[in-house]
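Only one structure is covered here, and it is reproduced in the block below.
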Amino acid sequence: MKRVLIVAIIAALFATFFALGLNDYLTLEQLKNSQAQFDQWLEAYPLAVPLVFFAVYVLVTALSLPGAAIMTLAGGALFGLAQGLLLVSFASSIGATLAFLAARFVLRNSVENRFGDRLKAINRGVDREGAFYLFTLRLVPVFPFFIINLVMGLTRLNVWTFYWVSQLGMLGGTIVYVNAGTQLAEIESVGGIFSPALILSFVLLGVFPWVAKAIVRFVQRKRVYKGWQKPTKFDRNLVVIGGGAGGLVSAYIAATVKAKVTLVEAHKMGGDCLNYGCVPSKALIKSAKVAHQMSHANEYGLTATQPEFSFRAVMDRVHRVIKEVEPHDSVERYTSLGVDVVQGYATIVDPWTVDIALNDGGTQRLTTRSIVIAAGAQPLIPELPGLEDSDYVTSDTLWDRFAELDTPPKRLIVLGGGPIGSELSHAFARLGSQVSQVERGERIMAKEDKEVSELARQAMAADGVSVLTEHEALRCEREGDEKFLVVKHQGLEKRLPFDQLLVAVGRKARLTGYGLETLGIRTERTVITNEYLETLYPNIYAAGDVAGPYQFTHTAAHMAWYAAVNALFGQFKRFKVDYRVIPWATFVDPEVARVGISETEAIEQGIDYEIARFELDELDRAIADSATTGFIKVITPKGKDKILGAVIVGAEASNLLTEFVLAMRHGLGLNKILGTIHTYPTLSEANKYTAGEWKKAHKPETVLKWLEKYHTWKRGGAKK
Ligand SMILES: Cc1cc2nc3c(=O)[nH]c(=O)nc-3n(C[C@H](O)[C@H](O)[C@H](O)COP(=O)(O)OP(=O)(O)OC[C@H]3O[C@@H](n4cnc5c(N)ncnc54)[C@H](O)[C@@H]3O)c2cc1C
């Protein structure tokens, strides 16, 4: 309502301005003719005239009316340089800010609703460099100022910032105009104020901030590289350190664009994902799932049977799966793609030189224009007394160590309640181990909403995992052949016996031993990079687990694109890594998949949100599959069809999530998902039904009431 009122007032003022023919007064001709008259008024009313002038100026700029330039000249003509400048400078800035506020109040919400995600990027830019851009726009007077006022009002730029940057930025132009006004008699046209030399100097002023930025960057580079001797020629365009997801994709991109690239891998091509992570864990999870289905076959009308198996065979399969995937990441494949693959340990010795200790002996030195560090992460080992003597395994060692066992470990303790610990706990319990999962925090999978953690805990507990939350591991002890983990729970110590201990308390980036220290490349939990994935040295980039903030194969690959492209073409154009829509999944059963914010995060961030939710026990296909545990929850801003996040708990959640990832990535709302035909009967229909729940909550009640009346009328007025 308020908005309508403001629009009406603006429209009325606009109409009055033109109806009274005030625009005719705001011409150079008129101004020149009336100067003597103005001078008389000023003499008679030395206080009132400047005040009226000020007010009219504010109104003209606030309403974006034509004539601000003439009024600026008038300011000079009437009041002289100093007073004219003072009046015009403040009046124009205040008027511009009012126009900015009006645009914000009247239009911003609808523009945000329409262009949501695209505006987000602009707003992020505005957050970072809005003042800078506004300043440059203000300096270059060839841009119509009223457009700047209105467009800036649609962004999230702070009002005060807009005001002071505008005043400062417009000052140069205001001086020129007011000064010209003081010599009004000499000016033949408004355009005449600007000689080519003057325009050039304004353009120079306008580009100055960019030039300044380039100079700052140049000086920074000089400082960073000071003391290092840059080679005059380079062996390679790019050297990539690490042959995991991040390194492989970086090298692949470089070879595709015909750069000369060397990929250095110290151990196994494919990195952690192929050899110790995603691939073996998912292979194990599959065997565990089949075992679970066998023992629950009665749910499907078959005779349930306790699976008999050799654990060695299960682990053999895990290794077979690794072998089958291996060719995708192999030396041969990458060599055939044009990558020079070197097997050895790389050390960065200066910003352009990498030394490689070759696995088969000897060393190789390569000079390179750029480097991508993709050295990954490794299991974090907590400082627990007695741990070293406990014969513990990690995700790095378990695949080989357990391959020697004929039966699954009888009593397995999994230390850690994160995704890796949860996935492996669940899988080993289904294969017959007595699993105790020890977690210090109050719940497992703590990045997810409470109800998600709880559902996962219940599912795991149903399969025999003893989920011990709020249990802090204190030390490992041995008594003869018996091994114990001592934990503290509610102030009391407990001894948990185990045959095998799997440490899965997190993964830490590999940050030492390959030159970062020597070069002074800053690290905290990960290598510190800017948004271009550039380290301290503008020719050294980092991607994947080593750079964080996410630790997934798909994010490593995503970052690799930015690192490689910026490393090879950064002098022309650099791209900021985009973390807006990052999906992930935890492969417990039912799976947990997530993209965007969770409900907990929405609350923490103070977002006025609503939830569209669909329970899987209402889905035909889930019922047919006896897979009714779980739900879909989509978070949207209140009253807006925009997906902020989605979480799916259920069978195939990791696959189902893709529809929401696509929607978020491309700014599609739930209406679009609802309007898409989903094959019947599939699990994916659940996505559509979730969208349907959202739609139901937003049905047009008034229209429906009228429709009811209409139909009643059509029936001849009968109520029933
Ligand atoms: C049990 C487990 C399950 C997982 N499951 C999933 C999953 O389901 N989905 C998912 O997305 N992610 C999963 N992950 C995470 C995933 O494995 C990692 O995010 C991914 O491997 C990161 O890739 P990267 O290229 O950054 O590093 P890495 O794969 O670790 O590769 C880094 C490589 O660099 C090499 N290297 C290091 N330093 C040097 C040097 N100086 N010279 C030469 N070579 C060097 C290392 O040998 C290593 O091979 C899982 C991880 C684990 C442990």
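Whatever order the structure lists ligands and atoms in, that order sets their numbers, starting from 1.
In terms of protein heavy-atom proximity, atom 2 (C) of ligand 1 is nearest to Gly277 CA, 3.3 Å. Asp545 OD2, 3.3 Å is the protein heavy atom nearest to atom 18 (C) of ligand 1. Looking only at heavy atoms of the protein, atom 24 (P) of ligand 1 is closest to Gly246 N, 4.0 Å. Of the protein's heavy atoms, Gly244 CA, 3.4 Å lies nearest to atom 31 (O) of ligand 1. The protein atom (non-hydrogen) at minimum distance from atom 38 (N) of ligand 1 is Ala375 CB, 3.5 Å. The nearest protein atom to atom 14 (N) of ligand 1, hydrogens excluded, is given as Cys278 SG, 3.7 Å; this is a heavy-atom distance. Of all protein heavy atoms, the one closest to atom 39 (C) of ligand 1 is Ile241 CG2, 3.9 Å. With respect to atom 42 (N) of ligand 1, the closest heavy atom belonging to the protein is Ala346 N, 2.9 Å.
More than 12 heavy atoms of other shown residues, nucleotides or ligands fall within 6.0 angstrom of atom CZ in Arg475. Other residues, nucleotides and ligands place more than 12 heavy atoms under 6.0 Å from the CZ atom of Arg312. In this structure, Gln605 places its CD atom where more than 12 heavy-atom neighbours from other residues, nucleotides or ligands lie under 6.0 Å away. Surrounding NZ of Lys576 are more than 12 heavy atoms belonging to other residues, nucleotides or ligands, all under 6.0 Å away.
Close contacts of ligand 1 with Ala245, meaning ligand atoms under 4.0 Å from a residue heavy atom, involve 23 (O), 25 (O). If you number the atoms of ligand 1 from 1 as listed, the ones under 4.0 Å from a heavy atom of Ala377 come out as 30 (O). If you number the atoms of ligand 1 from 1 as listed, the ones under 4.0 Å from a heavy atom of Tyr514 come out as 41 (N). For ligand 1, the atoms sitting less than 4.0 Å from at least one non-hydrogen atom of Ser281 are 3 (C), numbered in the order shown with element in parentheses. Of all the atoms in ligand 1, the ones that sit under 4.0 Å from a non-hydrogen atom of Lys282 are 5 (N), 6 (C), 7 (C), 8 (O). Shown in contact with Tyr345 at under 4.0 Å from a heavy atom are these atoms of ligand 1, numbered in order with element: 40 (C), 41 (N), 42 (N). For ligand 1, the atoms closer than 4.0 angstrom to any heavy atom of Ile420 are 1 (C), 2 (C), 51 (C), 52 (C), 53 (C). Close approach of ligand 1 to Gly271 is summarised as follows: ligand atoms under 4.0 Å from at least one heavy atom of the residue are 29 (O), 31 (O), 49 (O).
When the options Gly548, Pro280, Gly242, Pro379 are ranked by their closest heavy atom to atom 34 (O) of ligand 1, first place goes to Gly242. The residue from Gly376, Gly544, Pro419, Ala557 that puts a heavy atom closest to atom 27 (O) of ligand 1 is Gly376. Heavy-atom proximity to atom 33 (C) of ligand 1, evaluated over Glu423, Glu265, Met269, is greatest for Glu265. One option in Ile356, Thr553, Thr347 has a heavy atom closer to atom 20 (C) of ligand 1 than any other, and that option is Thr553.
Among pairs with a residue in residues 233-257, those fulfilling side-chain hydrogen bond (donor to acceptor under 3.5 Å, both in side chains) read Asp235-Thr367, Arg236-Thr262, Arg236-Asp340, at least two apart in sequence or across chains.
With respect to the salt-bridge test (charged N to carboxylate O, under 4.0 angstrom), the residues Arg510 and Asp272 qualify. Note on Glu423 versus Lys282: salt bridge recorded, some NZ/NE/NH1/NH2 to OD/OE distance being below 4.0 Å. Looking at Asp329 and Arg333, no side-chain N of the basic residue comes within less than 4.0 Å of a carboxylate O on the acidic one, giving no salt bridge.
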Start with the C-alpha gap between Asn687 and Phe660, add the side-chain angles, then the distance that decides, and say whether side chain to side chain contact (heavy atoms under 4.5 Å, CB included) holds.
CA-CA 8 Å; Asn687 292 349; Phe660 293 110; 3.2 Å; yes
Check step by step if side chain to side chain contact (heavy atoms under 4.5 Å, CB included) holds for Arg440 and His471.
CA-CA 5 Å; Arg440 187 170 46 187; His471 280 64; over 6 Å; no
Evaluate the salt bridge (charged side-chain N to carboxylate O under 4.0 Å, His left out) criterion for residues Glu601 and Arg594: first the C-alpha distance (whole Å), next the side-chain angles of each, then the deciding distance (0.1 Å), finally the verdict.
CA-CA 12 Å; Glu601 287 167 355; Arg594 162 86 185 273; 3.0 Å; yes
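Ser654 and Glu591 share a donor-acceptor pair across their side chains, judged by distance under 3.5 Å alone. With 3.5 Å as the limit, one finds no donor-acceptor pair spanning the side chains of Asp355 and Thr347. Looking only at atom types and distance, the side chain of His292 has no donor-acceptor partner in the side chain of Asp589 under 3.5 Å away.
For Gln378, no heavy-atom contact with ligand 1 is shorter than 4.0 Å. Contact annotation: for Trp584 versus ligand 1, there are no heavy atoms closer than 4.0 Å.
Taking only nitrogen or oxygen atoms, main chain and side chain alike, Asp272 reaches within less than 3.5 Å of ligand 1. Distances between N or O atoms of Ser395 and those of ligand 1 include no value under 3.5 Å. Residue contacts with ligand 1: Ala266 is placed with a nitrogen or oxygen under 3.5 Å of a nitrogen or oxygen of the ligand (distance criterion only). Close N/O approach between Leu424 and ligand 1 is not found [any backbone or side-chain N/O within under 3.5 Å]. Considering backbone and side-chain atoms together, Gly270 places no N or O closer than 3.5 Å to any N or O of ligand 1.
Annotation for Ser422 and Met445: closest pair OG-CG, 3.7 Å, computed over non-hydrogen atoms.
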Anything under 3.5 Å between a donor and an acceptor, one on a side chain of residues 543-554, the other on a protein residue two or more places apart or in another chain? List them.
unit_1 : atom_1 : unit_2 : atom_2 : d
Gln551 : NE2    : Arg507 : O      : 3.2
His554 : NE2    : Pro583 : O      : 2.7

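Taking the six-membered ring for Trp and thresholds of 30 and 60 degrees, Trp561 and Phe575 have ring planes more than 60 degrees apart, a perpendicular arrangement.
Heavy atoms of Tyr550 come nearer than 4.0 angstrom to ligand 1 in no pair at all. Between Ala504 and ligand 1 there is no heavy-atom distance shorter than 4.0 Å.
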